[in-house]
Amino acid sequence: MIPEPDANDAERLAAALELDGDARRAAVADVVAASPRFLAGWAELGDLGRDTIERYAAYRVGYHRGLDTLRANGWRGSGYVRWAAPTNHGFLRSLRGLGQMAAEIGETDEAERCEQFLLQLDPSGIPSE
C-alpha cells in the first residue's frame, strides 16, 4: 500500500482544484513541481491535460512514480493494490488514465497491459469517477 501523502501537499492540491480553467491546471502543475512524488497530483494533472499526449505523459509519470513508491514500501511486483485504500487512488487513477490515453493514440498493446494490470491489482474493479 502507498503511504499517506504529506498533509501540506493534499491541502495545496485541494486548493488548486477549487480554481477554474487554466488557473486550475497551472496550480496543480505547481503542486506536482513542488512535490513530484505526490501521486494524486499526477493523476489530477493527467485529468487536466490540454491534449491526449499531455495527459498520457502525466499519467505515465504518476504510474512510474507509483511503482517506485510501492516498491519502496515492500511491494515486490505482485499482490493487491486495492482501490479501497484511498492512498492508492493516485497510482491507480494514473494507471487507468495511462491505459485510456494509450488506447487513444493507438497503443493497443499498452492499453491492454494497463487494463490487465488494474484487474490484477484489484480484481473487484476500479470505479470510474
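Predicted model only: the values in this text are computed from it and were never measured.
The structure places CD1 of Ile53 at 9.5 Å from CD of Glu104, a figure rounded to the nearest 0.5 Å. The distance from atom CD of Gln100 to atom CG of Leu95, rounded to the nearest 0.5 Å, is 10.0 Å. In this structure, Phe91 CZ and Ile2 CD1 are separated by 6.0 Å, a value rounded to the nearest 0.5 Å. Here the straight-line distance linking atom OG of Ser94 with atom OH of Tyr59 works out to 7.5 Å at 0.5 Å rounding. Rounded to the nearest 0.5 Å, atoms CZ (Arg12) and CG (Asp6) are 9.5 Å apart.
With hydrophobic clusters built from ILVMFWY side chains whose heavy atoms lie under 4.5 angstrom apart, Ile105 does not share a cluster with Leu45. Met101 and Val61 fall into different hydrophobic clusters, defined by Ile, Leu, Val, Met, Phe, Trp and Tyr side-chain heavy atoms under 4.5 Å apart, directly or through other members. When hydrophobic clusters are built by joining Ile, Leu, Val, Met, Phe, Trp and Tyr residues whose side-chain heavy atoms come closer than 4.5 Å, directly or via intermediates, Leu48 is grouped together with Val32. In the hydrophobic clustering of ILVMFWY residues, with side-chain heavy atoms under 4.5 Å counting as a link, Leu98 and Val28 come out apart. Put simply, Ile126 and Tyr63 are part of the same group of oily side chains (I, L, V, M, F, W, Y) that touch within less than 4.5 Å, one to the next.
Look at Arg113 and Asp109 and you find a salt bridge, because one of the NZ, NE, NH1 or NH2 atoms lies within 4.0 Å of a carboxylate O, short of that distance. Salt-bridge formation is detected for the pair Arg93/Asp47: a Lys NZ or Arg NE/NH1/NH2 atom is positioned less than 4.0 Å from an Asp or Glu carboxylate oxygen.
Residues Arg82 and Pro123 form a side-chain contact, since some pair of their non-hydrogen atoms from C-beta on lies under 4.5 Å apart. When side chains are defined from C-beta on, Met1 counts as touching Asn88, because their heavy atoms get closer than 4.5 Å. Inter-residue side-chain proximity for Arg25 and Glu54 is flagged as met; some heavy-atom pair is nearer than 4.5 Å. Using a 4.5 Å heavy-atom cutoff, the side chains of Cys114 and Arg96 are not in contact. By the 4.5 Å heavy-atom criterion applied to side chains, Thr69 and Pro3 are counted as neighbours. Side chains of Trp83 and Ser124 form no contact here, defined as non-hydrogen atoms less than 4.5 Å apart. Looking at heavy atoms from C-beta onward, Leu13 lies in side-chain contact with Leu17 at the 4.5 angstrom threshold. Residues Leu121 and Leu92 form a side-chain contact, since some pair of their non-hydrogen atoms from C-beta on lies under 4.5 Å apart.
When all heavy atoms of Leu19 and Ala27 are compared, the pair lying nearest together is CD1-CB, 3.6 Å. When all heavy atoms of Pro36 and Ala33 are compared, the pair lying nearest together is CD-O, 3.8 Å. Listed here is the closest heavy atom pair of Arg71 and Arg76: O-NH1, 3.5 Å. Asp9 and Ser35 get closest at one heavy-atom pair: OD1-OG, 2.7 Å.
Aromatic ring orientation, Trp75 versus Phe117: tilted (interplanar angle from 30° to 60°).
Atom CD of Glu107 has more than 12 heavy atoms from other residues, nucleotides or ligands within 6.0 Å. Counted within 6.0 Å of CZ on Arg37, heavy atoms from surrounding residues, nucleotides or ligands total 12 or fewer; the atom is thus considered open. Within 6.0 Å of atom CG in Asp51, more than 12 heavy atoms from other residues, nucleotides or ligands are found, so the atom counts as buried in its surroundings.
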Notebook entry, point to check: Can you list the steps and then say if Phe38 with Val31 is a side chain to side chain contact (heavy atoms under 4.5 Å, CB included)?
Noted result: CA-CA 8 Å; Phe38 182 37; Val31 170; 3.8 Å; yes

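Without hydrogens or angle criteria, Arg55 side chain to Gly46 main chain gives a donor-acceptor distance under 3.5 Å. No side-chain donor-acceptor contact under 3.5 Å links Gln116 to the backbone of Glu112.
At a cut-off of 3.5 Å, with distance as the only test, no side-chain donor of Thr87 or Glu4 sits close to an acceptor on the other residue.
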